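Here's the structure we're looking at; comments come further down.
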Amino acid sequence: MSSHEPGTTDAYVPQEIEPRWQAAWERDGLYEVDLHADGGKEPYYFLTMFPYPSGNLHAGHWYAETPADAAARYLRMRGYEVFFPMGYDAFGLPAENAAIKAAREGQDVHPARLTRERIATMTRQFRQMGAMFDWSHTLATCEPEYYRWNQWFFVKMFERGLAYRKESTVNWDPVDQTVLANEQVIDGRGERSGALVERRLMPQWHFAITHYADELLDFSGLDWPERVKTMQTNWIGRSEGAEVTFETETGDAVEVFTTRPDTLWGATFLVLAPEHPLVTKVTSDAQRDAVEAYVAQAGAMSEIDRTSETREKTGTFTGGYAVNPVNGARIPIWVADYVLVTYGTGAIMAVPAHDERDFAFARRYDLEVVPVVQGDAPLDGATMEEAYVGDGVMVNSGRFDGTPTGKGPDAGDGIARVIAWLEAEGLGRGTTTYRLRDWLISRQRYWGTPIPMLYCDACGVVPEREENLPVVLPEDVAFMPTGESPLKTHEAFLHATCPQCGGPATRETDTMDTFMDSSWYWLRYLSPDDETRPIDPALAKRWTPVHTYTGGIEHAILHLLYARFFTKVLRDLGWVEHDEPFLRLRNQGMILGSDGEKMSKRRGNVVDPDELVARYGADAVRAYLMFIGPWDQGGPWNDQGIEGVVRFLNRVWALFTADAAPGDASDEAVADLRRATHAAIQAVTEDFDAFQFNTAVAELMTLQNHLSKAKNAGLVAHPAWAEARSAFLRMLAPIAPHLAEELWHRAGEAASVHVATWPEVDRSALVVDAIDLVVQVNGKVRGQVTVAADAPDADVIAAAKAEPNVARYLEDATVRREIVVPGKLVNLVVG
RNA sequence: GCCGGGAUGGCGGAACGGUAGACGCAGUAGACUCAAAAUCUACCGGGGCAACCCGUGCGGGUUCGAAUCCCGCUCCCGGCACCA
């Protein structure tokens with residue numbers, strides 16, 4: 001204790017160092033980038049996902065932001081002009097829910113006030129990170145200066161048909177009192193509330209993301225984790241096949257979608273989704289009661305009941321029949337809820353012999369099974385026990401008998417041949433279907449961007465005029481304890497003038513999904529105060545696409561897919577020239593409580609970064625979060641783990657501040673020092689390039705150990721010591737920016753370490769005269785020899801054989817092979 | 001069910017096909033101290049006196065040599081899931 005008293009001795013006191021340097025950096029505008037100026041450096045946009053202003057920064061924010069900051073700092077030292085902004089995704093339910101809760105309790109909390117307070121708090125906390133955020137370019141999406149451009153884009157999209165209103169069955173979250181996009185429904189429950197989602201038919205605004213489905217499947221040129229690309233690809237769910245028209249006996253055409261047109265001859269019944277428009281028409285009088293009951297029952301079920309209830313398939317015969325167009329067979333029409341109205345055409349041809357679901361259904365209801373694809377052995381429709389879904393040769397298929405099935409020329413291309421024939425005969429056509437649905441953008445909530453549309457009795461649905469934007473979200477609202485949007489009863493907001501005819505009109509009270517806000521915010525960071533346009537095209541051209549984007553994997557589908565879609569829309573509207581928003585994507589994992597569980601107040605395993613910073617300093621928290629393990633894996637917090645990092649920082653401090661007696665520096669000792677220094681530079685550089693922060697910190701620890709020995713050996717007066725110190729501090733700078741800065745200045749440097757250049761590897765320092773080689777006999781290590789680095793193989797082998805322990809194994813044996821791996825080992829194969 | 005990712009000491013984790021366990025935590029012993037903390041030094045996968053043997057989820061294979069490549073499994077995590 002006594003030896004650590006501040007003031008009496010010179011100890012490492014982060015609580016003193018960190019605020020001092022934070023103030024100095026801010027005073028000097030060290031991290032502010034002049035986006036217009038061409039300083040001769042290559043622009044580099046490094047972006048990390050902006051947070052929702054929840055009130056306080058938690059450990060997860062630190063885990064997301066500080067390694068990203070280190071990577072951004074590294075790139076800056078590598079000579080790029082790095083723009084690293086931060087802002088707030090400030091619309092959203094939690095603030096509004098807090099207001100509703102307060103209203104129930106008779107208190108007055110407004111989401112706007114609450115959000116602005118929270119932003120102020122979090123900005124203060126962000127500054128304690130010592131990150132190089134450029135606070136001269138920030139934004140909060142809840143401000144009219146930002147969301148007016150959401151509205152502006154909405155109108156542009158409306159004009160192009162990319163935003164449209166349609167009545168559709170939607171996911172209604174009864175707790176949050178709003179509809180949700182498909183992407184926000186997890187296992188039938190609302191992503192936020194966890195409430196069972198209900199299905200409702202409502203008129204809703206949509207964005208036509210499906211127009212871009214194929215383009216969104218193309219990730220070429222993107223350095224993104226395979227995992228994210230796969231998830232998006234699965235989500236879009238492209239599926240190639242054919243639409244075939246069946247005619248019913250009532251004279252109606254039923255379109256079905258199939259990926260297996262080569263099995264058309266085996267279609268023994270049709271199945272319509274309960275919501276299919278033709279259900280009523282094809283149903284016979286005899287079956288009407290049963291069908292109506294079934295449809296009603298299916299309609300009453302929630303999505304989760306309908307999909308996960310059982311594996312058992314249910315359905316009802318409609319009494320109607322259709323004709324199989326390829327062979328004239330009369331086949332029954334059924335209605336069953338395993339067919340989804342939202343996918344394909346909402347109707348299928350059932351080929352029980354070659355589809356597992358159809359097979360199960362056919363067996364349950366005793367429907368005909370006709371095999372039309374033969375694999376290794378003939379199939380018997382009456383006795384087969386499971387569907388044959390593999391490839392084979394078409395049988396029972398008229399002119400196509402003998403055609404190999406499957407896709408691609410190698411497989412015989414049966415599918416393509418059947419499609420060509422269907423098209424020629426006018427029976428169907430090749431087509432592609434997607435799982436992806438259009439983006440449902442309407443939310444029945446207050447705290448979001450008002451959708452800038454009006455309803456006029458005379459003109460219908462009309463967009464607000466550009467000059468009237470923004471449609472300001474009124475702040476003088478009363479929150480309902482029910483959660484109903486206060487916009488619905490706000491007279492001044494509701495009653496407006498029709499932009500077209502000047503007559504009375506009613507405003508749309510729905511607001512936009514907050515994912516709209518995050519679909520273009522990085523472009524607004526470039527010119528957040530521009531009142532004339534959403535994006536500055538010159539700045540966008542210079543700085544975007546974003547070079548590196550970091551954030552949580554939980555946004556793999558939602559935010560990242562919407563952002564890609566919106567970028568393509570912006571391109572088509574002429575605002576950007578590129579197709580993709582983010583060139584390189586890296587995801588961090590989740591930081592867990594020390595019990596390995598997700599941090600939560602309920603579990604009591606939350607670590608509070610403010611407390612940690614107060615106790616250990618921001619640098620220690622940063623370094624520990626980087627050291628804990630691979631960034632993309634995340635992992636549990638460990639209270640003892642951070643102590644190890646604190647010890648490391650203390651040793652670094654002592655290494656460069658405590659005096660040491662200079663002594664004789666042998667050539668060998670100097671060479672060792674330089675080798676350790678440059679080996680570390682090489683390793684740390686590679687680690688930063690690969691986002692491997694944990695091994696970068698470990699390398700610095702190793703170098704610190706080396707330097708500590710060199711110092712004790714009296715090398716401090718040698719130039720190699722100054723070289724090592726300089727390199728060490730520059731490599732420490734991205735990780736522990738305050739400590740590095742302090743020691744850098746104490747070492748006599750005038751400028752900030754954060755504008756220093758990254759150290760270069762001197763390859764000559766890595767060269768060694770003598771190397772230790774491992775000697776193996778039959779692949780097992782039996783000894784070590786030291787040889788000259790440039791020794792020819794013959795000498796190396798001779799030395800290996802001479803090693804006493806190796807020689808023992810060679811006595812009664814013949815050496816059959818001699819393998820020399822330069823610089824690594826010798827393996828003698830005997831037998 | 002399908003598609004990803006993973007499994008390495010007591011713990012977090014390292015390891016271009018080339019000495020498995022870097023770095024750190026915990027632990028053991030020692031130095032300093034009246035003592036403790038802090039700090040420093042050494043040891044630290046298992047077995048064995050030793051030579052050596054065993055060891056990267058399991059079973060095979062390729063290779064002079066496999067944590068790493070291939071085949072077949074088990075378990076864990078994530079995504080999708082009656083998608084025709």
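Since the model is a prediction, treat every value here as computed from it, not as a measurement. By convention in this document, chain letters (A, B, ...) are assigned in the order of the sequence lines, proteins followed by strands, and residues within each chain are numbered from 1.
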* **Side-chain N or O of A:Asn705 closer than 4.0 Å to phosphate OP1/OP2 of B:G24** => yes

* Measure from the side chain of A:Thr695, starting at C-beta and using heavy atoms only, and say which of B:G24, B:A14, B:G18 lies closest. => B:A14

* Are the side chain of A:His276 and the backbone of A:Val341 linked by a donor-acceptor contact shorter than 3.5 Å? -> no

* Phosphate-side-chain proximity, A:Arg817 and B:C64, N/O vs OP1/OP2 below 4.0 Å -> yes

* Exam field: side chain A:Trp631 to backbone A:Tyr63, donor-acceptor pair closer than 3.5 Å -> yes

* Return no unless some side-chain N or O of A:Arg651 is found under 4.0 Å from OP1 or OP2 of B:C40. => yes

* **Shortest side-chain distance from A:Gln776, nucleotide among B:A84, B:C64, B:G18** => B:G18

* Please determine if a side-chain N or O atom of A:Tyr809 lies less than 4.0 Å away from the OP1 or OP2 oxygen of B:C52. => yes

* Roughly how far apart, to the nearest Å, are B:G57 and B:C64 at atom C1'? -> 27 Å

* Is the base of B:G24 syn or anti, where syn means the angle lies within 90° of 0? -> anti

* For B:G12 versus B:C77, give the span between their P atoms, rounded off to a whole number of Å. => 16 Å

* To do: Ignoring backbone atoms, establish whether A:Arg647 has a side-chain N or O less than 4.0 Å from OP1 or OP2 of B:C25.
  => yes

* To do: Check whether any side-chain nitrogen or oxygen of A:Arg808 sits under 4.0 Å from OP1 or OP2 of B:C52, and answer yes or no.
  => yes

* To do: Measure the OH-OG1 distance between A:Tyr388 and A:Thr263 for me, rounded to the nearest 0.5 Å.
  => 13.0 Å

* In whole Å, what separates the P atom of B:C11 from that of B:U56? -> 15 Å

* Asked: Within this structure, what is the CG-to-C1' distance between A:Asn712 and B:U39, rounded to whole angstrom?
  -> 13 Å

* Asked: For B:A14, does OP1 or OP2 lie under 4.0 Å from any side-chain N or O of A:Asn694?
  -> yes

* Given the C1' atoms of B:G65 and B:C32, what is the spacing between them in whole Å? -> 49 Å

* Asked: OP1 or OP2 of B:C82 less than 4.0 angstrom from a side-chain nitrogen or oxygen of A:Arg364, does that happen here?
  -> no

* Heavy atoms under 4.0 Å, any strand shown: does A:Val821 hit a base, just sugar-phosphate, or nothing? -> base

* Asked: For the residue pair A:Phe693 and A:Phe688, does the interplanar ring angle fall in the parallel (under 30°), tilted (30 to 60°) or perpendicular (over 60°) class?
  -> perpendicular

* Asked: Does the gap between the ring centers of A:Phe515 and A:Trp439 come in under 6.0 Å?
  -> no

* Rounded to whole angstrom, note down the P distance from B:A66 over to B:A37. => 47 Å

* Asked: Roughly how far apart, to the nearest Å, are B:G72 and B:G5 at atom P?
  -> 15 Å

* Checking only heavy atoms, does the side chain of A:Asn234 share a donor-acceptor pair with the base of B:C80 at less than 3.5 Å? -> no

